[in-house]
Amino acid sequence: MLDPTSRYANLETATLTLPDGRVAAYKRRRFIPAGNALKVLAEVTVTEGDRLDLLTHRTLGDPEHFWRVCDANDTLNPFELMRETGSVVRIAMPEF
Amino acid sequence: MSLLGIHLTLLVGPTVAVPAPASFMEALQNVEVTHNDEGRSGFQLTFGVGRAGAMDLLDYGLVGHPLLRPMNRVVLLVTFNVVPQVLFDGIITHRTLTPSHQPGASTLTLTGEDISVAMDLEQKVHEHPAQVEPIIIAQLVLSYAQYGLVPVIIPPPTLDVPLPIYRTPVFRGTDYAYLQEMARRYGYVFHVTPGPAPLMNTAYWGPPNRLGIPQRALSVNLGAQTNVDSLDFQYDALAPTTVKGQAIVFGRALPVQTFASLRVPPLASQPALLTQSSVRTSLLEDVPDGAGYLAAFARAQGQTDSSTDTVLTGSGELDATRYGDVLRPRGLVGVRGAGFQHDGFFYVRNVTHSIRPGEYKQRFTLTREGVGALTPVVPP
């Protein structure tokens with residue numbers, strides 16, 4: 001039941017039988033790829049007042065893919081990524 | 001940025017498909033891909049060929065190329081705004097060469113079907129004593145692991161184990177025909193869906209999949225929001241059918257009768273079987289003696305369920321650049337702007353993609369069991 005643009009959409013769904021007999025479905029754990037192993041599509045310099053969703057829309061065409069930018073920069077907290085004006089944000093080639 | 005927009009990638013080769021050389025992409029004139037809900041999906045690639053220079057002394061260019069031999073694997077990827085999606089994964093089965101006396105008008109057309117064609121090559125005698133359908137299906141599908149087939153099996157509501165002392169079901173035919181026959185028994189579908197990654201496929205056996213998040217809505221007659229070029233709806237009052245009959249269980253006749261479709265979730269607020277003043281009734285097909293009452297009932301219900309799939313049909317065409325995504329069959333989509341009776345959610349039955357340089361059109365067929373939306377609003 002995940003949106004196709006979600007980072008969890010392609011993960012395997014596993015099931016677990018709880019002690020009281022109910023069956024719970026869950027997604028397997030997602031491992032974050034190493035950012036510098038991904039192919040670089042562009043490098044963007046952060047400007048004053050820019051936002052991650054706007055930057056993602058400009059480079060990848062869809063703001064909901066912001067997590068791909070976070071992955072490419074090895075960032076766990078998306079709010080840290082754009083904090084410093086002048087820092088360089090790496091945009092990676094999207095993979096499956 | 002120049003990479004935004006829609007791009008097509010062609011992978012082709014024997015068993016493992018590799019990215020096609022640039023000369024293929026230059027010669028590629030037209031791509032047509034059809035996805036069907038039941039049965040097989042197909043593709044057609046049209047290349048322009050010609051004879052120029054010493055390299056083409058013997059034959060038209062591309063015709064003799066080892067990558068384009070029949071029975072090779074073809075994978076098509078479409079990239080919407082840098083994010084790739086698998087559009088098709090199949091095998092070349094037909095090849096047409098059309099030489100022309102007009103310069104530049106000779107074409108080579110490659111036609112093929114999805115990976116399930118590999119399951120339809122060898123006829124066998126299928127004998128599975130004391131086994132129920134989900135186990136048989138998993139065995140059949142897993143024997144095609146070289147195509148990256150992953151089975152997704154939804155067990156039917158009733159399963160009855162054929163006791164070997166009474167009967168052993170035997171089927172003569174290909175694996176594919178057997179899977180289709182087992183699906184027909186319950187009003188189910190069997191199809192192979194490409195993806196999520198290239199060279200991977202999902203083999204789905206179960207009821208038409210109406211679960212999951214609906215795709216981007218199809219909007220008609222909504223001014224700037226309109227993303228459909230044309231759309232029309234047909235209502236077929238002769239399609240809905242109830243089933244009546246008798247099941248012979250160990251020599252005793254028991255009545256079987258169906259009333260409504262059990263497809264979940266329902267999509268129409270006025271399903272034809274319940275609101276139409278009269279509907280057709282058909283007799284129950286022969287069910288083998290000893291198969292049990294539940295099996296006979298499941299078969300009758302399956303017949304009724306599949307008859308309601310063709311009641312309200314919508315067909316139309318859209319421009320992918322306007323719609324902004326690949327419309328996928330075997331899922332839900334919302335329709336808005338067509339009035340209360342024809343708005344709401346529909347099941348996408350088939351989609352035909354027609355791609356040529358600078359143009360991407362999708363023709364689609366939607367179905368549902370009657371008129372009337374179920375929700376007050378359809379999300380865009």
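Here is the naming used below: chain letters follow the sequence lines, and residue numbers restart at 1 for every chain. Hydrogens, waters and symmetry mates play no part in the numbers below; they use all other heavy atoms, side chains included.
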Between B:Val150 and chain A, with a heavy-atom cut-off of 4.5 Å, which part of the residue counts as in contact: side chain, backbone, both or neither?
neither

Could you tell me which of B:Gly212, B:Ala197, B:Pro84 has the largest number of non-hydrogen atom pairs under 4.5 Å with chain A?
B:Pro84

Report the distance from atom CG of B:Asn81 to atom OG1 of A:Thr56, rounding to the nearest 0.5 Å.
12.5 Å

Quick check on A:Arg30: does its CZ atom have over 12 non-hydrogen neighbours (other residues, nucleotides or ligands) under 6.0 Å away?
yes

For B:Gln215, is it the side chain, the backbone, both, or neither that has a heavy atom closer than 4.5 Å to a heavy atom of chain A?
neither

Around atom CG of A:Leu76, are there more than 12 heavy atoms from other residues, nucleotides or ligands closer than 6.0 Å?
no

For the student: nearest non-hydrogen atoms of B:Leu4 and A:Thr59, plus distance:
CD2-O, 3.4 Å

Neighbour count >12 (heavy atoms, 6.0 Å) for atom CD, B:Gln146:
yes

